[in-house]
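Beneath this line is the structure, given in structure tokens, with notes to follow.
All values reported here derive from a predicted model rather than from experimental measurement.
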Amino acid sequence: MKLKRIICLLIAFCLLCPLYALADDSGVLAEGELNDWVVKALRDSAAREPLNAPVGEESHTEDGYAFIYDFATLYYDKPVLDEESVLLAISVTDESYPGPRGIKLGDPQSALIDTYGWQNPTLVGDGIFAAFYRLNTLPQSAYWSWAQLGASGEVTDVQCAIHVQVADGRYTDAGVVYSLEDGVVTSIRIYGLYSFVGAEEVRGNLEAVGSVQTAASGDEVVEVPDVTLSAATVTANQAQPFNAEDLSFAGMDYAALTLESAKAALGEPASQSSAEDEAGGTYLNLTWSGAELIWLEDSAGGRAQSLRVTDAQIEGPRGIKAGMSFEETAALFFSEGKPGVLYGQTGDTEYGEAVNEGTQTLLTYYMACGPEQADGSYVLQLVFENGALKEWVLSTSQVRWTM
């Protein structure tokens, strides 16, 4: 029963971090890595009783109800652990227990700089903050980190933030904050495991980190290029842009998809889980071998939020399959041959863009869901690893944000 409870507690966070593991090779702290650490902490806590059991109202804090263990304090939304309990935050308390990236209480400031601040090891900033990294892969996700500096230039806090799109312009607001005193780590807090922010706030966070980067360079404060992305190029061709016909494939019509039609095309899912949305809806996560569907049920009805496929046996739009070469796949969609923008202009009703991120290349195509800008977009993203299609993701974005 304890293992089952762990899995249920993780449903909410896993549902919010399922789709775009595009930052794994860039060095930033991404959702998959943080989730793995949270899983380990939950397993470690499941094997023992909290030191303050039974937990009562006296344990209620701003972070939630504190369940104190000998290695960490876990914060839940209520004082009872059952299958409906939601994990909100974790604070590491044991100096021998490694936090994310193996950082421990008592580690020196240099360990944080080496781990997260490799792009700014000398802590150049605006006198208050020093930006460590900023990765903008909106509308799917965004990642950033910075250090807060004391009066003498010493690091007092390091924050690593993770914003992954849930749906309809809402993003996770999770991450890690390390606090330091006299040059050593004194606090490790994992926050926001069930918190959300809007797209505007995500953009504002990215702009704030960008402003720190620009201030450090001494230039006028303007939008700063994303530090780990570069424009990619696709050879010019006369293929059709991503369009409405591409929403029908493999026996499915994504625009009119139902749970029944998804199961008819892909078979019965190997697993299905759910999590309640604070707006009153319910997210369903259906997984097959090599495929994952995120579905939203709310007052407006049910609709697909995203379909992610890694199985080479499942055909996507225009017959794409995992494992296809970059050249073969990219030639199926229109390109004018320019770096970065494949066709159209950023913010147009339809356009395509291409970026390199470490060993990965991302091709992203946008198409309007309806005649109005507020109708949002259908988004097809192709992720290539070392020149081969690793996965493709078809998603619905209520509000279109661009890189």
Review point. When you look at Asp311 and Ser289, which way does the side chain to side chain donor-acceptor pair (under 3.5 Å) test go after all the steps?
Key: CA-CA 7 Å; Asp311 187 348; Ser289 176; 5.0 Å; no

Practice item. Mind running side chain to side chain donor-acceptor pair (under 3.5 Å) on Asp107 and Tyr178 for me, showing each step along the way? Key: CA-CA 11 Å; Asp107 278 356; Tyr178 302 87; over 6 Å; no

**Study point:** Thr73/Phe67 under side chain to side chain contact (heavy atoms under 4.5 Å, CB included): CA gap, chis, key distance, verdict
**Key:** CA-CA 6 Å; Thr73 299; Phe67 286 69; 5.9 Å; no

Review point. Would Leu180 and Leu112 satisfy side chain to side chain contact (heavy atoms under 4.5 Å, CB included), going step by step from the backbone distance to the final call?
Key: CA-CA 10 Å; Leu180 299 88; Leu112 288 173; 3.7 Å; yes

Check your understanding: Going through the distances and angles, do Lys390 and Gln360 end up as a side chain to side chain contact (heavy atoms under 4.5 Å, CB included)?
Key -> CA-CA 9 Å; Lys390 177 182 178 181; Gln360 294 185 335; 3.5 Å; yes

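Looking at Asn237 and Ser335, their side chains never bring a donor and an acceptor atom within 3.5 Å of each other. Using modelled atom types and a 3.5 Å distance limit, the side chains of Thr287 and Glu292 yield no donor-acceptor pair. Using modelled atom types, one finds a donor on one side chain and an acceptor on the other under 3.5 Å when comparing Ser96 with Asp94.
Within the 4.5 Å cutoff, side-chain heavy atoms of Trp37 are placed close to those of Ile190. Side-chain contact between Glu57 and Tyr65 is present, with at least one heavy-atom pair separated by less than 4.5 Å. Two residues are said to be in side-chain contact when any heavy atoms from C-beta on lie closer than 4.5 Å; Val393 and Leu307 fail this criterion.
Taking every heavy atom of both residues into account, Ser45 and Phe71 meet most closely at N-CZ, 3.8 Å. Across all their heavy atoms, Ala330 and Tyr365 have their closest contact at O-OH, 4.5 Å. Heavy-atom minimum distance, Ile314 versus Gly290: CD1-O, 4.5 Å. Between Tyr69 and Pro50, the shortest heavy-atom contact is CE2-N, 3.5 Å. When every heavy atom of Arg203 is checked against every heavy atom of Asn136, the shortest pair comes out as NH1-ND2, 3.9 Å.
With ring centers used as reference points, Tyr116 lies 6.0 Å or more from Phe132. The aromatic ring centres of Phe129 and Trp146 sit less than 6.0 Å apart. The six-membered or imidazole ring of Tyr254 lies away from that of Phe249, with a centre-to-centre distance of 6.0 Å or more.
Just one residue in the list Leu286, Leu259, Leu284 forms a side chain to side chain contact (heavy atoms under 4.5 Å, CB included) with Pro269, and that residue is Leu286.
A salt bridge is defined here as a Lys NZ or Arg NE, NH1 or NH2 lying under 4.0 Å from an Asp or Glu carboxylate O, and Lys104 with Glu95 fails to meet this definition. A salt bridge links Glu33 with Arg101: the closest approach of a Lys/Arg side-chain nitrogen to an acidic carboxylate oxygen falls below 4.0 angstrom. Under a 4.0 Å N-O distance rule, the pair Asp36/Lys40 does not qualify as a salt bridge.
Annotation: Glu181, atom CD; neighbour count of heavy atoms from other residues, nucleotides and ligands within 6.0 Å does not exceed 12. The neighbour count for Asp182 CG, taken as heavy atoms of other residues, nucleotides or ligands under 6.0 Å away, does not exceed 12.
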